[in-house]
Undergrad: 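To start, I am sharing the structure in question, which I have written as structure tokens.
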2 protein chains.
Amino acid sequence: MTDSYNINEYKHPLFTVDSVLFTITDSALKVLLVKRANSPFEGSWGLPGGFVDIDSDSTTDITALRKLKEKTNVEPPYLEQLQTFSGAHRDPRGFSVTLVYFALIAAQNVSTHIKSIDDVQWVDINTIQDLSIAFDHKHLIEHAKQRLQQKTLYSMVPIYCLPEYFTVGQLKSVIEIILGKTIQRKSLIRRLESTNIVEKSDEKVSSGGRLAHLYTLKSGVDIVNFERNLSA
Amino acid sequence: MTDSYNINEYKHPLFTVDSVLFTITDSALKVLLVKRANSPFEGSWGLPGGFVDIDSDSTTDITALRKLKEKTNVEPPYLEQLQTFSGAHRDPRGFSVTLVYFALIAAQNVSTHIKSIDDVQWVDINTIQDLSIAFDHKHLIEHAKQRLQQKTLYSMVPIYCLPEYFTVGQLKSVIEIILGKTIQRKSLIRRLESTNIVEKSDEKVSSGGRLAHLYTLKSGVDIVNFERNLSA
DNA sequence: TCAATAGTGTCTATGAGACACTATCAG
DNA sequence: CTGATAGTGTCTCATAGACACTATTGA
């Protein structure tokens, strides 16, 4: 190889963008996986993602959203960078760099047709070890899960796994599925009332007992971080 | 261009690795900047970094460390990924992706010769706005500073800005410089005693008054995160 | 009525903030 | 001695955990 850093002569790493998109259905945390149409790992399941289209993607965030939309028909309301993974041997084609995003969406908001297509599926996070997954994607998913759990301890991110209007009970249940443990309803309500990011609507919905108030994320707000964690 | 995603035909983004290396000297938080030898922005100051050498770097972490070592002659004891920045217009040569690391080192451990070379300098974080900085590096530095401040609220990372043996007073002072506010000595000691990551040695050093105990990071430990933040 | 879920009142536990107090060094 | 820095004792404050209690719904 040449010593020069001239763009046209330099050997570039293979750069891709992948996303770990989570949702909650059937009381379980699920990840979106896609059946690979091309080599390498053709036919096995991997994270949705691919190459940047440098002519139309303005940033890699757009790349991630575009790829997710191709698979689900919708863009997730929450997307953040997880981490970049790199190495000479993660991809048989050579040194590769993968920018991994971590995203959340409400199951209700994903086009229902997704289930009928057999090259896209939601996989229960607890059954992933049994599957054969492309590249080091199993590892990436595990990372993403830990980040989601961590953020759930000090923020309200799980709200993005819920529809626009939701009850305290629904939020509590989503948080408990993510953490794998129960939390105190009281603590959750205290947090909801101390942040300015949600609005308590006057509407109530039936939920098997007393009617529950509906909450909704205020528009344009950023997720706030609490100064203390819930107990892990 | 071609529509194909075949590796050899695909237009790749320009991928680089840059690092924001912090240290503390003269009671100020400083960032390592390097005078650019090549276009673009030849002659202005930018973050140390460059392209991955895919034949010898096993991961991008190694790339970051290698580039830092070229400039400082030592590898920082703390290095973590900050974030990846991308866009069509950050680099005049085209769509670029930069993986930015955030690193800490004790000023005492940086070879002293660094100051005599006029293409590498430590810049006070508060005077950066006055400088002309290459690319969007000013923005990247600001991001890194915020991450450092945030982590300082819930971890002991600032220890990596200190020599192997340090006093509570030194640590307190480093934290205060990073945060830009004073903290309670008592709170710091409580944290030091509640974690298992440091060891209180029997040795004491003179520091203008009563002798101070020396502490040291236990070897092989990971930084632990506290469940609460110091007040921001 | 009862079962179920929503929501409150309130006590405890943890750990940070504040700050006065004591301890020990140099000179 | 004094001044400086190290380190402690202890009270207050904020917020999470625990959990019993009340409220409101459908059947």
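No hydrogens, no waters, no symmetry mates; every other heavy atom, side chains included, goes into these values. Letters go in sequence order (proteins before strands), and every chain restarts at 1. All values reported here derive from a predicted model rather than from experimental measurement.
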Undergrad: Suppose we call a contact any N or O donor and acceptor under 3.5 Å apart; does that hold for the side chain of B/K186 and the base of C/dG17?
TA: no

Undergrad: Report which part of the nucleic acid B/I183 touches: base, sugar-phosphate, or nothing (heavy-atom distance under 4.0 Å, all strands).
TA: nothing

Undergrad: Looking at B/E70 and B/R66, does any basic side-chain N land under 4.0 Å from a carboxylate oxygen?
TA: yes

Undergrad: Rounding to a whole Å, what distance do you find between A/Y215:OH and C/dA6:P?
TA: 11 Å

Undergrad: Assuming nearest nucleotide by heavy-atom distance, tell me which of B/E227 and B/G208 is located more 5' along DNA chain C.
TA: B/E227

Undergrad: Within the 4.0 Å heavy-atom criterion, would you say B/R190 contacts the bases, only the backbone, or no part of the nucleic acid?
TA: base

Undergrad: Should A/E142 and A/K138 count as an ion pair when the cut-off is N to O under 4.0 Å?
TA: no

Undergrad: Please determine whether any donor N or O and acceptor N or O are separated by less than 3.5 Å between the side chain of A/R228 and the base of D/dT15.
TA: yes

Undergrad: Identify which one of B/T127, B/T25, B/N126 satisfies the side-chain hydrogen bond (donor to acceptor under 3.5 Å, both in side chains) criterion when paired with B/K30.
TA: B/T25

Undergrad: Of the nucleotides C/dG17, D/dA6, D/dT25, which has the atom closest to the B/S207 side chain?
TA: D/dA6

Undergrad: Please determine if B/R191 forms a cation-pi arrangement with B/F226, meaning its NZ or CZ atom is less than 6.0 Å from the six-membered ring centre and no more than 45° off the ring axis.
TA: yes

Undergrad: Using only side-chain N and O atoms of A/R185, determine if any of them is under 4.0 Å from OP1 or OP2 of C/dG7.
TA: no

Undergrad: Using whole Å, report how far CG of B/L230 lies from C1' of C/dG15.
TA: 11 Å

Undergrad: Identify, between A/Q184 and B/T167, the residue whose nearest nucleotide on DNA chain D lies closer to the 5' end.
TA: B/T167

Undergrad: Just call it for A/S231: base, sugar-phosphate, or nothing, with non-hydrogen atoms closer than 4.0 Å on any strand.
TA: sugar-phosphate

Undergrad: To the nearest Å, how far apart are A/Y154 OH and D/dA16 P?
TA: 15 Å

Undergrad: If only side-chain N and O atoms of A/R210 are considered, is one of them under 4.0 Å from the OP1 or OP2 phosphate oxygen of C/dA4?
TA: no

Undergrad: From CD of B/E193 over to P of C/dT14, roughly how many Å is that when rounded to an integer?
TA: 17 Å

Undergrad: Quick check for you: among C/dG7, C/dA16, D/dT25, whose closest atom lies nearest to any side-chain atom of A/V168?
TA: C/dG7

Undergrad: Among B/T98, B/T63, B/D91, B/T60, whose side-chain hydrogen bond (donor to acceptor under 3.5 Å, both in side chains) with B/T16 holds?
TA: B/T98

Undergrad: Whole angstroms only, please: what is the CD1-C1' distance between A/I189 and D/dA16?
TA: 14 Å

Undergrad: What's the NZ-P distance between A/K204 and D/dA23, to the nearest Å?
TA: 13 Å

Undergrad: Would you mind reading off the distance between A/L192 atom CG and D/dT15 atom C1', rounded to a whole angstrom?
TA: 15 Å

Undergrad: Output the rounded distance in Å from NE2 (B/H213) to P (D/dT5).
TA: 19 Å

Undergrad: Using a cut-off of less than 4.0 Å, is there contact between a side-chain N or O of B/S187 and OP1 or OP2 of C/dG17?
TA: yes

